[in-house]
Peer 1: 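This structure is in structure tokens; I'll ask about it shortly.
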Amino acid sequence: SAMVRTNLMARNTDMRWRLPLVCLVWEIAMIILFGIFVRFNPESDAAGWEKEKHLKNITSDAENDFYFRYPSFQDVHVMIFVGFGFLMTFLQRYGFGAVGFNFLLAAFGIQWALLMQGWFHTLENGKILIGVQSLIGADFCVASVCIAFGAVLGKVSPVQLLIMTLFQVTLFSVNEYILLDLLHVKDAGGSMTIHTFGAYFGLTVTAVLYRPHLDQTKDKQGSHYHSDLFSMIGTLFLWMYWPSFNSAISDHGDAQHRAAINTYCSLASCVLTTVAFSSLLQKKGKLNMVHIQNATLAGGVAVGTAAEMMLTPYASLIIGFICGIVSTVGFVYFTPFLESKLRIQDTCGIHNLHGMPGLIGSIVGAVTAAAATEGVYGKEGLIRAFDFTEEFAGRTPSVQGGYQAAGMAVSLGMGLAGGAVVGGILKLPFFGDPIDENCFEDNVYWEVPGDEESSLYCMHDSNAKPVTDHQSA
Amino acid sequence: SAMVRTNLMARNTDMRWRLPLVCLVWEIAMIILFGIFVRFNPESDAAGWEKEKHLKNITSDAENDFYFRYPSFQDVHVMIFVGFGFLMTFLQRYGFGAVGFNFLLAAFGIQWALLMQGWFHTLENGKILIGVQSLIGADFCVASVCIAFGAVLGKVSPVQLLIMTLFQVTLFSVNEYILLDLLHVKDAGGSMTIHTFGAYFGLTVTAVLYRPHLDQTKDKQGSHYHSDLFSMIGTLFLWMYWPSFNSAISDHGDAQHRAAINTYCSLASCVLTTVAFSSLLQKKGKLNMVHIQNATLAGGVAVGTAAEMMLTPYASLIIGFICGIVSTVGFVYFTPFLESKLRIQDTCGIHNLHGMPGLIGSIVGAVTAAAATEGVYGKEGLIRAFDFTEEFAGRTPSVQGGYQAAGMAVSLGMGLAGGAVVGGILKLPFFGDPIDENCFEDNVYWEVPGDEESSLYCMHDSNAKPVTDHQSA
Amino acid sequence: SAMVRTNLMARNTDMRWRLPLVCLVWEIAMIILFGIFVRFNPESDAAGWEKEKHLKNITSDAENDFYFRYPSFQDVHVMIFVGFGFLMTFLQRYGFGAVGFNFLLAAFGIQWALLMQGWFHTLENGKILIGVQSLIGADFCVASVCIAFGAVLGKVSPVQLLIMTLFQVTLFSVNEYILLDLLHVKDAGGSMTIHTFGAYFGLTVTAVLYRPHLDQTKDKQGSHYHSDLFSMIGTLFLWMYWPSFNSAISDHGDAQHRAAINTYCSLASCVLTTVAFSSLLQKKGKLNMVHIQNATLAGGVAVGTAAEMMLTPYASLIIGFICGIVSTVGFVYFTPFLESKLRIQDTCGIHNLHGMPGLIGSIVGAVTAAAATEGVYGKEGLIRAFDFTEEFAGRTPSVQGGYQAAGMAVSLGMGLAGGAVVGGILKLPFFGDPIDENCFEDNVYWEVPGDEESSLYCMHDSNAKPVTDHQSA
């Protein structure tokens, strides 16, 4: 008990000063930086849009980028906050943390992402000009943090999450700049920049934060009948809106149209193979909710790069087919292996949902790009699809394929290296993470209703109670 | 007990080989057929859209059909997966089956529907050309399967559901072809093709699959406080997005605009009469959640055909008014009558939500079409509204009304006949449906959390436990 | 017990005749009034849109207002029905009432609002002409009723709610007419017309309906682990779609675009300060779900007036920053003060979420309007942004600022006076409101599953049971 007490003293989970301090100081920093840098772009500026219309001879407000992208933006927004938030509520005693911390980190992350991505992409005369596409970009960037959150879910403090967000958004933006601007690769749905980077970043962080005694919370790592249904809300909104995710920042017209169709096809196919392998690999052929909640989404991840290209619907079906299998098999065999052999404790199984499908999607993107021809895209269409203009005017599809592959390698490396460094930072002892026995337990950071009046409470067995200071003293 | 054991042997619910086999073989078939037949249409094709813009002198990408229909498509998509899925979670022990099997059948159904509807409607030079309207069409087609699923909810195996989906999508497409192409009727929101056909198909299937001892599961046919709230998520997303459903494939401009307004009005009115009759018909005037969850939606069903026509907002209110009453009265008096006298065990009461309102909607459509005049629609408007062009150039509104009525009769007949045949197929003994005692129980096909550790579980009375092989042996 | 019985006799909560009567008679009145007054506007009318296109030389259906506003309308629609409905499900025993009564009052309210707002704004030759903007307007109007519902949640009967809706929609429309037409103020997101008016109306109503013995239901005023998660569904959909709310009826083009961006920024900032102060003000720094569910939304309320103006993203961050603090502090200190000292029992804390942020938003709007310059808006842009045309052509920004402030005062006064009168009407003894002991209890107006078979039920301690006629007799 003396040892436990030491442990508790070393890890004081009281957030009272640390969390408010981080939130307030960082938000003030955001305000100052926005004040210096952020302005409306010509399409969202009163004087700017008028000037734009005159200059470009635009006769209809329907030409404003807002109307091409806003519906997709809102779908993406739902994916970030409801999709990822509720997907992670499957843990029986960590629903508040799943939805609430996801809310917190995403709300901070989108602000920092507007700045970081702005500095790299839309800086003009010292000002970051923002519009609807910037909002989508910020949401995309934060998606990679939500993914990484899935690996450390239940094991970190909100302060750690905010620190992870700060660094991950920064690295995301650097990586994105290298890929999109330097390597000039296409990655509209983010197989590389979002999924590969986000997943391997999160996996390395959780590896660095390895907790040897986590098996003591085995009970709480399971789900509850209703928590699984809450989780399905997240799954379905992610699944349904994924066509919007992959088409949100594609070129107007056929590219957005095609990206939505390809994603729709891949996701549909993925559901069938997920169900097949979930049944095949369980005793008595019963389906496992974890697979349905996660592996059904792998098809969306894996067409993230290629969906806007001329991938064709049947190729999308094939990709979804493969990823449903890979992802489900991953949950059954690979996640336990990662935990026991590589000491990677991946709470939500992001390696199966984002890691492997992200790599597959990167390769599919490289191959699809390399296989592009003028016959399929049209002469102008090929140039438009891959932006073979200015300094990249001479690039051929097969060279583009090579750069796409390089982009995957960079994203993977950046995720692994970044995660190692950030994981090291998060290991510092003053961020208030819980002791192993208190992981996956909302009571540590949240006022949980009924914890005093247990009769109002559903799961009132003694095991479910967290080890509190009081009890261990 | 010997008899029970025979029963169990005859109905082995282990899905281990059957479900994976069906999923994988069918998905491979989809891939092959998509490979042979499915291509992008000119608006989603890189070379195609460029050519289209040149040919039709289109100067703005905003003219791409994608921007007219994609927001509505996404709303429809939410209705199919979250709407129908969660609506059916009201059963206390069948939430996984409701959401999960709906997910499975819809994911398969949309692929098969893309093919079936493509062969009938968008085949060009041996290729099916798809775009956003094809995705909406596929979702619509699957809606009719989700409706039929409501009748058999809790009583069938996932293999049976997939087989039902295969046949129902096929018959739906044939019926739709007869109505839209041969009879040349209008049915943008599907009162006939989706609701009437889907409901009577499902009712016939459940009649053929009659289970005499289903009253033994009376406990499980009830809801739980929280399962009723999950169900309201489904109800509300269906209710809110129904204006998108009824306007999704209407003509650009005034028709889409009007269809949304009419549906909005009808649904609002329907809520009031549902509440009125729910209170009126219950003891002590208490409201019944079943009515609120279902009958409030009948107003959307009943303007499915006429919403895009010049129905007027007050006529929409009247239709909603009537359908709220018809549907609620149906739940109180008609569903028990169907079960006891006609041996139709309609789990979700689809006869009240889709059957009767579908018929009402078909009649309203016929009358509204017959009453159309040039004064109301304008000369060109009338031709455009009913496509009185080419071989149908000479058709008058009153003749159109007659054809609309014929369309209703065909849909009803197709539903009844098709349901009888498919019900017969589903009766074959090797599809793994549960014995009567195990109906409405997730444990049969799903790993349910806490079934081993009952202390974690909310509803741990012994009645709620399913009869398992182990227990009955 | 004799006294209790008298109380029960005086407050018969049986809705059997009263609720159906109100629903049916009022809905019939709606049908008659719609029949006399409501018609399609030129953009939703078959002949009208054709004429409009000829007259205004419109070549594309994309110019139909439907495509500029329908996606935002659907987002607003979700906010009203799922957003407000689920936000209020946090009470452990009032989930049906929260979602169900919100559904009922909103479905009635939107019809009455279409008429009231139509008479004031779109009456032409004795007909109200409606289009997608009318639907948004009706939803907006009902939002103010949903807000007021938050103050009286759990303490009133559905008949009282319908009566409150009837009067509040009427007063809303009058107030809106005074502000938008007579004072000619801008309030696209409704800081004044929706939030200030709605909140102070609701607070006055609940003050008039003061219940001295409400502390007897203290148990039921708390939340349950899962009810808090249901509530987060409401919170997140409100939070995510608020940019659509504040931009839905702004001018096409830059104004809609900018309104969405400003709201996005304000909301993001608000989350950070809410979390900071929630942690700061709780013992042991634990976060309180009530704050996360509510105060995070205050940033959207507070840019309701100014979001479409040239507010700039950093100013939006500042407003969100302040409102997160004000709102959270309000929940901790001000709500208990209001209850104990001013006898205002504000169930959902609408004063913190809509009252104070509404006032702040009104002031921000006035200041932003007063500070407008031609340099920032452009010459035409300034005229367009504030409609300085016709009789208001001579108005300057600073004068506009003064009128905006006057608009706030009128909204506040209208809310207070209207609430006092309507509260008085609701005090009449024959509307069937529950006795104090039965407040916050679904069982009074709903058939609650498992109330007879308590073993199926989660919260089966005796405290949770309502006092019924049977028990007290």
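In the text below, chain A, chain B and the rest are named by the order of the sequence lines, each starting its count at 1.
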Peer 1: Take atom CD in B:E374; do more than 12 heavy atoms of anything else shown fall under 6.0 Å from it?
Peer 2: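 For B:E374, atom CD is crowded (more than 12 foreign heavy atoms under 6.0 Å).
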Peer 1: At their closest point, which heavy atom of B:R258 faces which heavy atom of C:A46, and how far apart are they?
Peer 2: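 Looks like NH1-N, 3.1 Å.
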Peer 1: Is the shortest heavy-atom distance from the side chain of C:L24 to the side chain of B:F277 under 4.5 Å?
Peer 2: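 Answer yes - side chains close enough.
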Peer 1: If I take atom CE from residue C:M15 and atom OG from residue B:S278, how far apart are they, to the nearest 0.5 angstrom?
Peer 2: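 Here the interatomic distance stands at 13.0 Å.
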Peer 1: Give a yes-or-no answer on whether the side chains of C:D45 and B:Y377 include a donor-acceptor pair shorter than 3.5 Å.
Peer 2: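 No pair is found: no donor N or O on one side chain lies under 3.5 Å from an acceptor on the other.
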Peer 1: For the residue pair C:Q111 and B:L317, what are the closest heavy atoms and their distance?
Peer 2: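 Distance-wise, the nearest heavy atoms are OE1-CD2, 3.5 Å.
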Peer 1: So which of B:A255, B:P313, B:P71 has the biggest tally of heavy-atom pairs under 4.5 Å with chain C?
Peer 2: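 When all of B:A255, B:P313, B:P71 are compared, B:P313 has the most.
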Peer 1: What residue in B:I233, B:D251, B:T273 has the most heavy-atom pairs under 4.5 Å with chain C?
Peer 2: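 Winner by heavy-atom pair count: B:I233.
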Peer 1: Using non-hydrogen atoms and a 4.5 Å limit, figure out which bit of C:N64 sits close to chain B: side chain, backbone, both or neither.
Peer 2: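 Just the side chain, heavy atoms under 4.5 Å.
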Peer 1: Name the region of C:W17, side chain, backbone, both or neither, that has any atom closer than 4.5 Å to a heavy atom of chain B.
Peer 2: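 For C:W17, the contact with chain B is made by the side chain alone.
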Peer 1: Looking at B:V275 and C:C23, what are the two nearest heavy atoms and their distance?
Peer 2: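 Result for this residue pair: CG1-SG, 4.0 Å.
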Peer 1: Select one option (side chain, backbone, both, neither) describing which atoms of C:L21 are under 4.5 Å from chain B's heavy atoms.
Peer 2: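 Neither part.
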Peer 1: Given the options B:P243, B:G378, B:S227, B:G253, which has more heavy-atom pairs under 4.5 Å with chain C than any of the others?
Peer 2: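 Highest number of heavy-atom pairs under 4.5 Å: B:G253.
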Peer 1: Which value, rounded to the nearest 0.5 Å, describes the distance between C:D14 atom CG and B:S279 atom OG?
Peer 2: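 Reported value, rounded in 0.5 Å steps: 7.5 Å.
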Peer 1: Could you check whether any side-chain heavy atom of B:F321 comes within less than 4.5 Å of a side-chain heavy atom of C:I28, counting everything from C-beta outward?
Peer 2: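 Contact flag for B:F321/C:I28 side chains = yes.
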Peer 1: How far apart are the closest heavy atoms of C:Y70 and B:S72, and which atoms are they?
Peer 2: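 The pair with the smallest heavy-atom distance is CE2-OG, 4.4 Å.
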Peer 1: If you take the centroid of each ring, where Trp contributes its six-membered ring, are C:F40 and B:H257 closer together than 6.0 Å?
Peer 2: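 Judged by ring-centre distance (under 6.0 Å), B:H257 and C:F40 do not meet the cut-off.
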Peer 1: Quick check: closest heavy atoms across C:F96 and B:Y225, and the distance to 0.1 Å?
Peer 2: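 It is CE1-O, 3.5 Å.
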Peer 1: Between B:Q256, B:E63, B:M232, which residue shows the highest count of heavy-atom pairs closer than 4.5 Å to chain C?
Peer 2: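 Between B:Q256, B:E63, B:M232, the count favours B:Q256.
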Peer 1: Mind ranking C:G100, C:P158, C:G131 by heavy-atom pairs under 4.5 Å with chain B and telling me who comes out on top?
Peer 2: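 Ranked by heavy-atom pairs under 4.5 Å with chain B, first place is C:G131.
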Peer 1: Counting only non-hydrogen atoms closer than 4.5 Å, does B:T274 touch chain C with its backbone (N, CA, C, O), its side chain (CB onward), both, or neither?
Peer 2: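 Neither part.
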Peer 1: If you tally heavy-atom pairs under 4.5 Å against chain B, which of C:F86, C:F34, C:W26 wins?
Peer 2: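 Option with the top pair count is C:F34.
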Peer 1: Against chain B, work out which of C:V82, C:V38, C:T59 has the most heavy-atom pairs shorter than 4.5 Å and name it.
Peer 2: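 Ranked by contacts with chain B, first place is C:V82.
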Peer 1: So C:S44 and B:I261, side chain to side chain contact (heavy atoms under 4.5 Å, CB included) or not? Walk me through it.
Peer 2: CA-CA 8 Å; C:S44 56; B:I261 295 172; 3.7 Å; yes
Peer 1: What part of B:C265 gets within 4.5 angstrom of chain C, counting heavy atoms only: side chain, backbone, both, or neither?
Peer 2: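 For B:C265, the contact with chain C is made by the side chain alone.
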Peer 1: For residues C:Y67 and B:Y67, establish whether the separation of their ring centroids is below 6.0 Å.
Peer 2: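 For C:Y67 and B:Y67, the ring centres are not under 6.0 Å apart.
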Peer 1: Between B:L272 and C:E27, which heavy-atom pair has the shortest distance, and what is it?
Peer 2: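 Heavy-atom minimum between the residues: CG-OE1, 3.3 Å.
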Peer 1: Under 3.5 Å, side chain of C:Y445 to main-chain N/O of B:G285, donor-acceptor pair present?
Peer 2: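 Side chain of C:Y445 to backbone of B:G285, a donor-acceptor pair under 3.5 Å: no, none is there.
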Peer 1: Can you tell me how far apart CG (C:L104) and CD1 (B:I292) are? Round to the nearest 0.5 Å.
Peer 2: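 Here the interatomic distance stands at 8.0 Å.
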Peer 1: If you take the centroid of each ring, where Trp contributes its six-membered ring, are C:H77 and B:W242 closer together than 6.0 Å?
Peer 2: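 So the answer is no for these two rings.
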Peer 1: So C:Q74 and B:S244, do their side chains get closer than 4.5 Å, heavy atoms only?
Peer 2: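 Result yes, sub-4.5 Å side-chain heavy-atom pair found.
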Peer 1: Any heavy-atom pair between the side chains of B:L287 and C:F101 that's under 4.5 Å?
Peer 2: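 When only atoms from C-beta onward are counted, B:L287 and C:F101 do touch, with a gap below 4.5 Å.
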Peer 1: Decide side chain to side chain contact (heavy atoms under 4.5 Å, CB included) for C:M30 and B:Y314; before the verdict, give the C-alpha distance in whole Å, the side-chain angles of both, and the deciding distance to 0.1 Å.
Peer 2: CA-CA 8 Å; C:M30 289 300 112; B:Y314 70 87; over 6 Å; no
Peer 1: Which atoms of B:V376 come close to chain C, meaning under 4.5 Å heavy atom to heavy atom: side chain ones, backbone ones, both, or neither?
Peer 2: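 The answer is the backbone of B:V376.
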Peer 1: For C:F103, is it the side chain, the backbone, both or neither that has a heavy atom under 4.5 Å from a heavy atom of chain B?
Peer 2: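 Both backbone and side chain.
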Peer 1: Sub-3.5 Å donor-acceptor pair from the side chain of B:Q282 to the main-chain atoms of C:W446, do we have one?
Peer 2: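 Here the side-chain-to-backbone pair does not exist.
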Peer 1: Indicate yes or no: does B:R384 engage C:E50 in a salt bridge with an N to O separation below 4.0 Å.
Peer 2: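 Looking at B:R384 and C:E50, the cut-off is met.
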Peer 1: Measuring heavy-atom distances to chain B, does C:I130 have an atom under 4.5 Å in its side chain, in its backbone, in both, or in neither?
Peer 2: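 When you check distances to chain B, atoms from both the backbone and side chain of C:I130 fall under 4.5 Å.
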Peer 1: Among B:A62, B:A276, B:C270, which residue forms the greatest number of heavy-atom pairs with chain C at distances under 4.5 Å?
Peer 2: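 Counting heavy-atom pairs under 4.5 Å, the top option is B:A276.
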Peer 1: Roughly how far apart are B:H291 NE2 and C:E447 CD, rounded to 0.5 Å?
Peer 2: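 Between B:H291 NE2 and C:E447 CD, I get 9.0 Å after rounding to 0.5 Å.
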Peer 1: Between C:F81 and B:F237, is the gap from one ring center to the other below 6.0 Å?
Peer 2: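 No, ring centres 6.0 Å or more apart.
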Peer 1: Can you tell me which portion of C:D139 sits under 4.5 Å from chain B's heavy atoms? Options are side chain, backbone, both or neither.
Peer 2: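 Looking at C:D139, backbone and side chain both touch chain B.
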Peer 1: Heavy-atom distance under 4.5 Å to chain B: side chain of C:F37, backbone, both or neither?
Peer 2: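 Neither part.
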Peer 1: In the structure I gave you, are the side-chain heavy atoms of B:L236 and C:V99 within less than 4.5 Å of one another anywhere?
Peer 2: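 Touching, per the 4.5 Å side-chain cut-off.
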Peer 1: Give a yes or no on whether the ring-centroid distance for B:Y264 and C:F73 is below 6.0 angstrom.
Peer 2: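 Yes, close enough.
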Peer 1: Check the pair B:K284, C:R16 against side chain to side chain contact (heavy atoms under 4.5 Å, CB included), reporting the backbone distance first and the verdict last.
Peer 2: CA-CA 6 Å; B:K284 294 193 192 168; C:R16 188 144 193 189; over 6 Å; no
Peer 1: Identify which of C:L135, C:D442, C:L162 forms the greatest number of heavy-atom pairs closer than 4.5 Å to chain B.
Peer 2: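 Answer, by heavy-atom pair count under 4.5 Å with chain B: C:L135.
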